[in-house]
Amino acid sequence: MSMLSRSRRLRETPFTEGVEREGVKAYTVYNRMLLATVFESVEADYRHLKEHVQVWDVSCERQVELKGPDASELMRRLTPRNLDKMQDDQCYYVPIVDETGGMLNDPVAIKHSDDRWWISIADSDLLFWVKGLALGAGLDVNVFEPDVSPLAIQGPKADELMARVFGDEVRDIRFFRYKRLLFQGTSFVVARSGYSKQGGYEVYVEGGTCGMPLWNALFEAGADLNVRPGCPNLIERIESGLLSYGNDMTMENTPMECGLGKFCNPTEDSDHTGLAAMKREKESGPVQQIRAISISGDAVKPPTAAWPLMKDGMKVGQVTSAAWSPDFKTNVAIGMVDAKYWDAGMQLTVETSEGIRSAVVQQSFWN
Ligand code: THG
């Protein structure tokens, strides 16, 4: 493929200087912003992520800020997840659905207080939906994109590295909780979260000026930990069953289809967007659902379009993410499979871009 042309529309980040200096080999575009996809190679990055610690520029996980007296009311209308017990230092993975129950985004919500939230979004223009909903409902709340750029520190040595830069307090942060901690006199939200299952943190860097100083401090403090630059890793995230909005699911899919039913718990008095459609689906059950799928043979090239899943000449689903797993010595994949064919052990075929392979529905993801 040819190069991406760069312009102001394709936004740089506060860390782009560091990412380029460390030798990024490929980018994708996410929320109209640069997101690295490869440093050494996808396989070498994967091995390193599982053994050491990496610093990821995930600035493209942009924030939608809700600020004002009705911020919590707006948040409650946006998601089918029950937020009643959510504390001021918590993060929740929250499906966002439209009036038909279709997924608009699968962000992480960060609660600062009853009148201030961040929604840390996946790749869709959620800001417009949130502004429209607030306006239509006449709510007293400002909705905007603040200058906040998440930096993820992921891998088994993330605790040690972060303790050296932010102090031992980081070790006490529980999963999907955060603390405000100081770096060079400025306080940042530091959460135990991130788009891998190797453990780690996300620092929400407010403003651009602290970006490179923090990046440099992490690399200096982690030299003996073999710290390297990284990015969300295709192989690791498939093994871990972390979904990618726009790849594994779109507006056409419901949270139940995406296996995110556990993050939807409407109560008697909830009246969030899409409630009626979701109640109907709960009665009937989803007609298809995300599954872990293995694909036989040698390494596949990752799909750039959905690969049909077939049974007896009939299309019964599609594979949307796939990669060779060095640890599991098979191609690991994520796909959407029709109800009749989604049981573990089901033998299917998949029409990859390079030919037909056999595929098996798995009991669960690999990690
Ligand atoms: N971190 C932050 N923002 C993000 C992402 C992130 N925005 C975009 C994208 N990732 C949103 N999608 C996801 C998908 C999965 C998870 C987080 C965001 C995730 N899931 C865990 C799981 O499924 O096991 C934990 C969910 C839970 O138990 O609450 O972490 O990565 N800031």
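Just so you know, ligand 1 is whichever comes first in the structure, and atom 1 is the first atom listed for that ligand. FYI, side chains are in, hydrogens and waters are out, and symmetry mates aren't considered; it's all heavy atoms of this structure.
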Peer 1: In chain order, what residues pass the side chain to side chain contact (heavy atoms under 4.5 Å, CB included) check against F128, with sequence neighbours excluded?
Peer 2: D125
Peer 1: On the six-membered ring of Y92, is R81 placed so that its NZ or CZ lies under 6.0 angstrom from the centre and within 45° of the ring axis?
Peer 2: yes
Peer 1: Charged N to carboxylate O under 4.0 angstrom, R11 versus E145?
Peer 2: yes
Peer 1: Could you work out, with side chain to side chain contact (heavy atoms under 4.5 Å, CB included) as the rule, every residue matching R164, not counting sequence neighbours?
Peer 2: E160, A221, D224, L225
Peer 1: Sort out the contact shell of ligand 1: every protein residue with a heavy-atom distance below 4.0 Å, listed by chain and number.
Peer 2: Y30, E61, Y93, D106, V108, S120, I121, A122, F175, F176, G194, Y195, K197, E202, Y204, L242, F263
Peer 1: Does a salt bridge link R180 with E206, judged by any charged N lying under 4.0 Å from a carboxylate O?
Peer 2: yes
Peer 1: Taking only residues two or more places apart in sequence or in another chain, which ones pass ring-ring contact (aromatic ring centres under 6.0 Å, His included) with Y245?
Peer 2: none
